[in-house]
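Below, all heavy atoms of this structure are taken into account, side chains as well, without hydrogens, waters or symmetry copies. Reminder, nothing fancy here: chain letters follow the sequence lines and each chain counts from 1.
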Number of protein chains: 2
Amino acid sequence: MTVTIYDVAREAKVSMATVSRVVNGNPNVKPATRDRVNEVIERLNYRPNAVARGLASKKTTTVGVIIPDISNIYYSELARGLEDVATMYKYQTIISNSDNDPQKEREIFNNLLSKQVDGIIFLGGTLSNETAGLIKTSSVPVVVSGTEDNDSSLPAVNIDYRAASREVTEKLVKDGARQFAFVGGGYSEKARHEVMAGMKEVLTANDIDIDDQAVYIGNEQYLDGAKAFEQLKALKPEVILCISDEQAIGLVHAAQDSGLSIPEDLQIVSFNNTRLVQMVRPKLSSVMQPLYDIGAVGMRLLTKFMNDEEIDDNQVILPYHIDYRGTTK
Amino acid sequence: MTVTIYDVAREAKVSMATVSRVVNGNPNVKPATRDRVNEVIERLNYRPNAVARGLASKKTTTVGVIIPDISNIYYSELARGLEDVATMYKYQTIISNSDNDPQKEREIFNNLLSKQVDGIIFLGGTLSNETAGLIKTSSVPVVVSGTEDNDSSLPAVNIDYRAASREVTEKLVKDGARQFAFVGGGYSEKARHEVMAGMKEVLTANDIDIDDQAVYIGNEQYLDGAKAFEQLKALKPEVILCISDEQAIGLVHAAQDSGLSIPEDLQIVSFNNTRLVQMVRPKLSSVMQPLYDIGAVGMRLLTKFMNDEEIDDNQVILPYHIDYRGTTK
DNA sequence: ATGAAAGCGCTAACAC
DNA sequence: GTGTTAGCGCTTTCAT
């Protein structure tokens with residue numbers, strides 16, 4: 001049978017309270033007793049039952065992670081960052097895929113609360129008002145990584161998409177481009193909005209029109225890039241800003257297949273900065289956002305909430321930079 | 001304060017046992033009482049405490065997942081498959097990254113057991129004897145996906161790497177190739193062994209020598225592909241079999257950069273079948289293994305163990321097929 | 001420094 | 001069909 005704290009106590013001729021103290025590193029134990037207890041723990045191969053501990057202490061040292069799709073390379077990179085700092089702080093993570101569906105998000109959220117997690121990280125490009133509302137009623141701290149709610153009241157970590165978009169657009173306009181198009185889609189509604197806004201700001205400031213037709217919203221997949229190109233090609237865009245790397249690569253290939261030269265005839269910049277940008281030829285010009293860190297910093301922020309540490313700012317904006325590689329002139 | 005089963009019982013004027021029954025769908029409750037209890041549950045927004053339930057019932061409806069690296073597109077695809085069927089069976093998953101380090105695997109394993117998970121899925125190309133031994137002592141069922149232990153005694157789901165390797169090699173030999181090389185690395189020691197074995201079997205049968213120098217073992221990353229090419233190029237291989245897609249793509253680019261034509265001068269086949277194979281030009285010829293299903297079937301197998309269902313065979317071999325795309329003639 | 005005892009919120013006999 | 005009660009394995013006052 002499983003060995004309990006009681007077995008250890010009896011064997012070490014102390015009370016279970018003392019065993020509990022040595023297991024939890026409480027200093028109020030005479031070194032001699034401590035050693036004796038540790039010896040018994042070792043000998044009996046005693047392993048504390050985290051469930052019982054969780055019930056008694058109301059702390060489970062587990063955090064929940066709500067993620068759109070773990071098989072998406074963008075999110076799995078965030079997940080790795082977040083998991084590493086969770087481990088660092090002795091937390092385990094329960095990860096669930098939501099497909100960014102508010103209905104599933106609600107279910108996952110309730111499951112997580114029922115499991116008594118100490119905190120929750122919400123990952124996703126889109127944060128519906130419905131889900132944002134749910135989060136605001138949460139009994140445990142929640143931080144949001146890679147997106148934010150509409151009035152930015154939730155703790156969140158992001159990059160400044162709009163500024164990045166502005167910077168890219170300015171550079172390309174300065175270099176002579178006039179025909180811009182935009183491709184977004186998938187889970188990244190927030191990013192989509194910001195990137196478009198940044199682009200439009202700069203274009204407007206430069207008296208450049210952007211056609212309503214020059215915006216394609218699909219999903220974030222490779223194959224969708226070809227569809228995007230299909231819709232946009234009639235407009236003969238000189239530049240396409242694209243959120244998703246996979247979609248951008250699809251775009252590059254579709255354009256090449258139709259006889260265009262990249263970047264001579266068409267320039268493409270993506271915003272997700274997954275490892276993929278390096279793995280195609282020409283290499284994708286892209287906004288480098290620190291994916292791993294967005295996850296990691298989000299989890300660090302969450303640990304602060306969970307341990308009632310002081311928070312200087314619950315809206316963290318991480319730096320980005322832009323790498324102009326092979327898909328821009 | 002949090003509302004407990006007591007509160008519901010009092011409010012509904014029944015005993016907590018009855019509340020427990022309706023919450024757990026026990027049929028021994030009069031419909032009228034059931035409705036009354038449900039109404040109170042709704043009104044009080046009662047949510048069962050899974051930790052308390054776990055302590056009392058010794059079942060947590062959570063399974064542990066030990067994964068080398070969730071940010072690796074190969075493993076994250078397995079993870080998605082596994083998570084989907086876990087959800088289907090009402091389990092949550094605690095996912096931890098091991099980097100395939102036996103030391104970390106041990107820690108994670110103990111954490112998981114301490115959390116009283118109902119079962120564990122082990123993912124990884126390499127299963128050390130140390131970890132295999134640990135698994136065999138486990139008090140909860142463990143299934144292994146995408147690898148196996150040395151004497152194949154653990155429940156596992158895989159494809160037949162050796163057969164796939166044989167098939168590829170035969171085809172390319174038949175088409176005239178004589179100079180073969182192999183590139184492996186990263187987490188996939190088992191796959192590496194099998195693929196090499198399959199290749200050598202066929203080469204030997206055809207009286208073709210393979211140089212010891214024609215084997216490169218590194219990591220599974222894109223940049224490592226260039227290193228592999230650097231080592232192998234002097235041998236002027238006509239064919240390179242490569243486990244990892246990322247590495248294979250690196251190989252393709254390095255070969256092209258050195259002036260070779262793919263597939264005319266060099267043919268490359270990879271074995272991981274991540275989405276990447278479609279996303280490069282030329283498209284990678286590869287062994288198509290059902291990644292999502294390897295994860296999904298592994299989890300399904302685990303649910304059978306957890307629910308004491310009958311198991312017909314605990315060694316599942318899933319089918320594969322081979323797609324000859326742009327990197328083979 | 002150590003022990004006794006009261007829960008934590010629930011399930012699972014067992015009784016009625 | 002419903003209630004009573006004894007745990008599950010631990011933490012946490014409160015004494016001593």
Base, sugar-phosphate, or nothing for [X], non-hydrogen atoms under 4.0 angstrom?
| X | answer |
| --- | --- |
| A/S20 | base |
| B/V14 | sugar-phosphate |
| B/V23 | nothing |
| B/N28 | base |

Can we say [X] and [Y] salt-bridge, meaning some charged N sits less than 4.0 Å from an Asp/Glu carboxylate O?
| X | Y | value |
| --- | --- | --- |
| A/K304 | A/E310 | no |
| A/D99 | B/R80 | yes |
| B/R106 | B/E130 | no |

Whole-Å distance separating the [atom1] atom of [X] from the [atom2] atom of [N]:
| X | N | atom1 | atom2 | result |
| --- | --- | --- | --- | --- |
| A/K115 | C/dC10 | NZ | P | 15 Å |
| A/Y6 | C/dA4 | OH | P | 9 Å |
| B/D118 | D/dC8 | CG | P | 19 Å |
| B/M16 | C/dG9 | CE | P | 11 Å |
| A/I5 | D/dC8 | CD1 | C1' | 14 Å |
| A/L55 | D/dT12 | CG | C1' | 13 Å |
| B/N24 | C/dG9 | CG | C1' | 13 Å |
| A/K58 | D/dT13 | NZ | C1' | 15 Å |

Handout entry: A/K136 atom NZ, over 12 foreign heavy atoms within 6.0 Å
Key = yes
Practice task
Inspect the surroundings of CD in A/E42 and state if more than 12 heavy atoms from other residues, nucleotides or ligands are less than 6.0 Å away.
Solution key: no
Fill in the blank from the handout: Note: for B/P27 and B/A52 on DNA chain D, the residue whose nearest nucleotide lies more 5' is B/P27
Practice task
Look at the side chain of A/R21 and the base of C/dG3, then say whether one donor and one acceptor between them are separated by less than 3.5 Å.
Solution key: yes
Can you see if the side chain of [X] gets near the phosphate of [N] - specifically, an N or O under 4.0 Å from OP1 or OP2?
| X | N | answer |
| --- | --- | --- |
| A/T4 | D/dG9 | no |
| A/K13 | C/dT2 | no |
| A/S15 | C/dG3 | yes |
| B/T2 | C/dG9 | yes |
| B/T33 | D/dT2 | yes |

Heavy atoms from C-beta onward define the side chain here; which of [options] lies closest to that of [X]?
| X | options | result |
| --- | --- | --- |
| B/R53 | D/dT11, C/dC10, C/dA1 | C/dC10 |
| A/T18 | D/dG9, C/dT2, D/dT2 | C/dT2 |
| A/N49 | D/dT2, C/dG9, D/dC10 | D/dC10 |
| A/A17 | D/dT2, C/dC8, C/dG3 | C/dG3 |

Practice task
First locate atom CD of A/E77, then atom CG of B/D69, and finally report the distance between them rounded to the nearest 0.5 Å.
Solution key: 8.0 Å
